[in-house]
Amino acid sequence: MDAEQEQQQSVSEQKAIEAGEMGRTLEITPVTVTTTATSNGDHQMEKQTTDVEGNSSQVKRRHATSNLEAATHLFKGSVGAGLFAMGDCFKNGGLAGATILLPIIAVMCVHCERMLIRGSVLAVERTPGATFFDYPETVEKCFEYGPRPLRRMSRIMKLIVEMFLCVTQFGFCAIYFVFITENLHQVLQQNGVDISMSMVMLITLLPAMIPSLMTNLKYISPVSAFANVALLFGLIATLSIAFSDGPMPAVSDRHLFTSGSQLSLFFGTALFSYEGIALILPLRNSMRQPENFSTRFGVLNSTMFFTTALFMFTGFVSYVRWGEDVAGSITLNLVVEDVFSQVVKVVAALGVFLGYPIQFFVMMKILWPPLKRSNSCAQKYPISMQVVLRFFMVMMTFGVALVVPQLNLFISLIGALCSTCLAFVIPVLIDFVVRAQVPKGLGHWSYAKNLLILAVALLGIVTGTYQSIVEIIREFK
């Protein structure tokens, strides 16, 4: 094989590897897939690629994740700063109102995630050589194979989803900075370290750079597992303090239902808390047995049931204990003079901090590939340029976090504006397009159900975004 052919094969192998990392495989060359078992029972997949002259090479696919690993990532992707904001969520929704509405929102989220998965699977079946698609690619392919008038919108829909994903993940990362900073600042102030919030945030900036360089979910798994332990410890300790800090106030002292403006903020916070929509397809695609993800007692249903139960218990107890004084993070309600409370704040901040690379992962997987394709410098120096991009994006989240007036208001804004579109609106549009391809595929029940979801989503987007912006402007004044 001459030098030019070697270079072409190298490029083809690199494309195959990048496609696997991004959650899909492109049919660049004829492929033979073989599976081998490792000593610990895991399965490694190898692709036998053959060029036009019959020469072959092997490209290893990344290690497939187990059901437990996928559940761990999904739990961490859905449980972060939003978990500790459940007290504020119940304050805005009322004890009875939030208890009723939160499970309904959870069921709607799971149903829409199933529609997203179904659309992705059907798109893969109709695309020769494809093995799986991520969220933006699923939208593009569904519209591409949809009714003729909608096919021209495929590229635009993909760009819209990528934009919302980037904004959402960017917002999550910025909110994580605020959460960490507020908790650490309280602890440092109590221990005589008199520095500003901005300086505390700057101190957390350097450690945030290190895990953000991880580019594979498999390598983030140990970090994710430790983050889950830290978050659960912080939560259990916070609720234990809430129960042990004297008699609990009577439920009758709290609002059972709230007004429309507060319900708007509740909706945004609740949608923000179910922040794992962007990870649904990548996690399913990375599994050793993807079909186990969305079975009746599979990864999706089990994890979301446990997550919702945890949200409801945390929000109910937090609002009953602290009432209208409950903060955007319930750890901020702990008495900072108590040493154990300081430990809880630090551990909770650490748990949220370790969730930063998971949210950052999704954002970079969207931003980097098009930049690499369109920039000759990125193609010539891919590692250096990706490091520069990651550094720039971390600095951007840091800059936004500096100007955020209040954690809870920013959570409501991101949840109402972006999370609602990704969780409800786009999956419903995918379902409409997919069913429209089949004669009589869009029955009366499906039509009415999808319109109801869209109505709820649009109401939440308009009212939640408006109310959040009004409150943020009020805080700046």
Side-chain angles (χ1 to χ4, degrees), residues 77 80-85 88 160-185 195-213 265 268-269 271-273 275-278 327-329 332 348-349 351-368 371 386-422 461 464-477:
L83 173 62
F84 294 91
D88 183 70
I160 290 174
V161 171
E162 287 179 335
M163 180 189 69
F164 276 124
L165 280 173
C166 283
V167 172
T168 302
Q169 302 305 125
F170 184 89
F172 290 159
C173 292
I175 289 169
Y176 280 18
F177 262 126
V178 177
F179 179 94
I180 296 164
T181 301
E182 287 185 344
N183 282 277
L184 292 183
H185 183 255
I195 57 177
S196 65
M197 289 271 289
S198 301
M199 184 58 65
V200 176
M201 193 175 294
L202 185 62
I203 293 173
T204 65
L205 178 61
L206 181 59
M209 293 285 183
I210 300 173
S212 299
L213 297 178
L265 297 176
T269 304
L271 260 297
F272 170 87
S273 300
E275 59 191 65
I277 182 68
S329 167
L332 299 176
V352 171
F353 173 79
L354 294 176
Y356 185 94
I358 296 179
Q359 305 299 341
F360 198 79
F361 175 88
V362 178
M363 179 170 61
M364 290 304 302
K365 283 300 181 182
I366 295 172
L367 294 176
W368 172 244
L371 177 63
Q386 186 170 174
V387 169
V388 170
L389 177 62
R390 288 173 175 271
F391 174 82
F392 176 75
M393 294 310 299
V394 172
M395 292 299 298
M396 285 284 290
T397 60
F398 169 77
V400 171
L402 279 177
V403 300
V404 172
Q406 275 196 18
L407 177 65
N408 59 320
L409 297 179
F410 199 51
I411 286 176
S412 296
L413 177 61
I414 294 295
L417 181 60
C418 299
S419 298
T420 307
C421 290
L422 291 172
I461 291 172
T465 302
Y466 171 78
Q467 192 62 35
S468 297
I469 293 176
V470 168
E471 295 294 334
I472 288 174
I473 294 175
R474 185 177 301 165
E475 287 295 327
F476 271 117
K477 290 181 179 180

**Ala401 to Ala174 - nearest heavy-atom pair and separation** = CB-O, 3.5 Å
**Item:** Atom pair CG/CD of Leu332 and Glu182 - distance to nearest 0.5 Å
**Value:** 5.5 Å
**Prompt:** Closest approach of Cys166 and Ile366, non-hydrogen atoms and distance?
**Reply:** SG-CG2, 3.6 Å
**Complete:** Output for pair (Ser329 OG, Ile175 CD1), nearest 0.5 Å, gives 12.0 Å
**Message:** Please evaluate residues Leu402 and Ser198 with respect to the criterion side chain to side chain contact (heavy atoms under 4.5 Å, CB included), reporting the C-alpha separation (whole Å), side-chain torsions for both, the decisive distance (0.1 Å), and the verdict.
**Reply:** CA-CA 7 Å; Leu402 279 177; Ser198 301; 3.7 Å; yes
**Heavy atoms from other residues, nucleotides or ligands near CE of Met163 exceed 12 (cutoff 6.0 Å)** = yes
**Item:** Shortest non-hydrogen contact between Met201 and Val178, atoms and distance
**Value:** CE-CA, 4.5 Å
**Asked** Counting only N and O atoms by type, is there a donor-acceptor contact under 3.5 Å from the side chain of Thr397 to the main-chain atoms of Val394?
**Response** yes
**Side chain proximity check, Met396 to Phe170, heavy atoms < 4.5 angstrom** = yes
**Request:** Using modelled atom types only, decide if a donor and an acceptor are shared between the side chain of Thr420 and the backbone of Gly415 within a distance under 3.5 Å.
**Result:** yes
**Request:** State, to 0.1 Å, how close Phe179 and Ala348 come at their nearest heavy-atom pair, and which atoms those are.
**Result:** CE2-O, 3.7 Å
**Prompt:** Distance from Met199 atom CE to Leu205 atom CG, nearest 0.5 Å?
**Reply:** 11.5 Å
**Complete:** For Phe360 and Arg390 the tightest heavy-atom approach is CZ-O, 3.5 Å
**Prompt:** Leu417 pairs by side chain to side chain contact (heavy atoms under 4.5 Å, CB included) with which of Val167, Thr168, Thr465?
**Reply:** Thr465
**Prompt:** What distance do Ile472 atom CD1 and Gln467 atom CD have between them, rounded to the nearest 0.5 Å?
**Reply:** 11.0 Å
**Request:** Determine whether Leu165 and Met363 make a side-chain contact, defined as any pair of heavy atoms from C-beta on separated by less than 4.5 Å.
**Result:** no
**Message:** Ring centroids only, cut at 6.0 angstrom: are Phe353 and Tyr176 within range, meaning strictly under it?
**Reply:** no
**Prompt:** Just how far is it from atom CD of Gln169 to atom CZ of Phe164, taken to the nearest 0.5 Å?
**Reply:** 13.5 Å
**Message:** Main chain of Ile195, side chain of His185: is a donor-acceptor contact present, judged purely on distance under 3.5 Å?
**Reply:** yes
**Prompt:** Do you know the tightest heavy-atom contact between Ala416 and Ile461?
**Reply:** O-CG1, 3.4 Å
**Message:** Distance check, rounded to the nearest 0.5 Å: Ile180 atom CD1 versus Ile203 atom CD1?
**Reply:** 12.5 Å
**Asked** Hey, what's the ring geometry for Phe177 with Phe398, parallel, tilted or perpendicular (30° and 60° as the breaks)?
**Response** perpendicular
**Prompt:** Hey, are the side chains of Ser468 and Leu265 touching, using non-hydrogen atoms and a 4.5 Å cut-off?
**Reply:** yes
